[in-house]
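Take a look at the structure set out below.
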Amino acid sequence: MLTIQFIRDNRDIILERLEIKNFKQPGLIDTIISTDDNRRSLQVKTNELQAELNRLSKEIGMLFKKGEKEKGNEVREQTTGLKKELESLEKELQEATLKLNELLVLVPNIPHPSVPPGKSEADNRLIREGGTMPDLHQGALPHWDLGDRYNLIDFDLGVKITGAGFPVYRGKGAQLQRALIAWFLDENTTAGYEEILPPLLVNEASGFGTGQLPDKEGQMYHVTGDNLYLIPTAEVPVTNIYRDVIMKAEELPVKNTAYTPCFRREAGSYGKDVRGLNRVHQFDKVEIVQIQHPENSYDALEEMVKHVEQLVIRLGLPYRIVQLCGGDLGFTSALTYDFEVYAAAQKKWLEVSSVSNFESYQANRLKLRFRETGEKRPMLTHTLNGSALALPRILAAILENNQTPEGIRVPEVLHKYMRSGSEIIN
RNA sequence: GGAGAGAUGCCGGAGUGGUCGAACGGGGCGGUCUCGAAAACCGUUGUGCUCUUCGGGGCACCGAGGGUUCGAAUCCCUCUCUCUCCGCCA
């Protein structure tokens, strides 16, 4: 969330910038400011009263120590009225603070100046594209049929043991999956990211820290018995490592990568795009996360984009990078680049990575700060993350694009992770 | 799952009703000494909110939330977590 100080200092700019995100609620911003005004005046009154009460209490202590009981009791009587007053003030203050926080989380992050206006993905800006479109043979199949034919992915079995959207990978399909994970992790590590293997279940505080709670609660699987949530992305446990942390400036940047399965309920998203691996409830993803000095976060974003681009290129997939327009940009993001790869049999662009700079929006929620050497006050860091990469759609594109009448060619970079003889799936 | 112990600052650890934001030790930072370093010595060392004449002042925070009290790190209640032993278990 944005800091209250920032909102107070930049009311007009924020309103103007948020229009890009199609967010037009001047009323909300003004309510926030007046709520804060109220909170502040209550704070002052409460503090004054507390100071007075503290003073009297000390006096009572002294008087009793000196043996002046009567005088002590006299002063004690003065406190009763003050206490009552203080009690109601404290309650008001608490309510105002609570209300302020509820309102603050309703304000989205302000978009970067480069974000194009727009309502939907149709207005996203194409940054660049690469790779070559495959020329498929007659009778080429979409990946769900290929998965079936070569016994790689069994969707029906997943329905049997869990439900729709929980595919079972088997044989060379499972191997390919494992190869992709290993290769992504190795590449990310080579690029300087520390590998993390985090828990797949997180508590409420972590859900709140990265913004899934309270607003996107319905998107996560909730383990009610222990009040834990299955992670929708590794971003949640990994970023929460740094919740309530104050780092030294020289410890920045932090670069982490993590493979995890991801669990998403995807409530309400049924339709034509959900076929096969295009949208599932459980999938594997390798994530990259950076915690950066504010001055360097946009350089880091570019670096992350280049890194992800290399992965896609080396897998030999046709791809394009788009910058999300205001309307498509996530609530917490300032700038997001999406990577899409082309799945040639179903003739569709599939989103496989989303690389974002959250600036200090997420850090403020997390209370993730750093201190410049010699500085007294800690400052919020910037946080960034991206997929590098999400597996199912990559797998779908590989299967579809690399199919030949003789079988499916496994990209060369994955060969060393496959059992020998598995370079071609037939 | 059963029994017990505990949760204090960057770390260790004291503190069981009043001047305790917190002894002492370690670490960090600054300084003296030194060609430099070590040692020794001196100083300093949390976060948030808030007011400010920008010197500084006030308030809150000792796992979390309530309560008792003029006054709570300290007493009471609830919750969470950690550790030890037993049981179970990959």
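Residue numbers start from 1 in every chain, and the chains themselves are labelled A, B, ... in the order their sequence lines are given, proteins ahead of strands.
- For A:R40, a side-chain nitrogen or oxygen approaches OP1 or OP2 of B:rC51 to under 4.0 Å.
- When rounded to the nearest whole Å, the span between CG of A:D244 and P of B:rC61 equals 18 Å.
- In this structure, OG in A:S360 is found 7.5 Å from CZ in A:F6, a value given to the nearest 0.5 Å.
- In this structure, A:Q50 reaches the sugar-phosphate backbone alone: every heavy-atom distance under 4.0 Å involves primed, P, OP1 or OP2 atoms, never a base.
- Using a 4.0 Å heavy-atom cutoff across all strands shown, A:T79 reaches sugar-phosphate atoms only and no base atom.
- Residue contacts for A:L53: at a heavy-atom cut-off of 4.0 Å it reaches no nucleic acid atom on any strand shown.
- Residue A:I60 is in base contact, counting any heavy-atom pair closer than 4.0 Å across all strands shown.
- Among the heavy atoms of the strands, none lies under 4.0 Å from A:E90.
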Please tabulate, one pair per line, all N/O donor-acceptor pairs under 3.5 Å involving side-chain atoms of residues 409-420 of chain A, not counting sequence neighbours.
unit_1: A:H415; atom_1: NE2; unit_2: A:V410; atom_2: O; d: 2.8
unit_1: A:Y417; atom_1: OH; unit_2: A:D186; atom_2: OD2; d: 2.5

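- Counting non-hydrogen atoms under 4.0 angstrom, A:N54 reaches the backbone sugars and phosphates but no base.
- Between A:R371 and the phosphate of B:rU47, there is a side-chain N or O to OP1/OP2 separation shorter than 4.0 Å.
- By the 30° and 60° cut-offs, the orientation of the rings of A:F331 relative to A:Y361 is perpendicular.
- The distance from atom CG of A:N38 to atom P of B:rC49 is 18 Å, rounded to the nearest whole Å.
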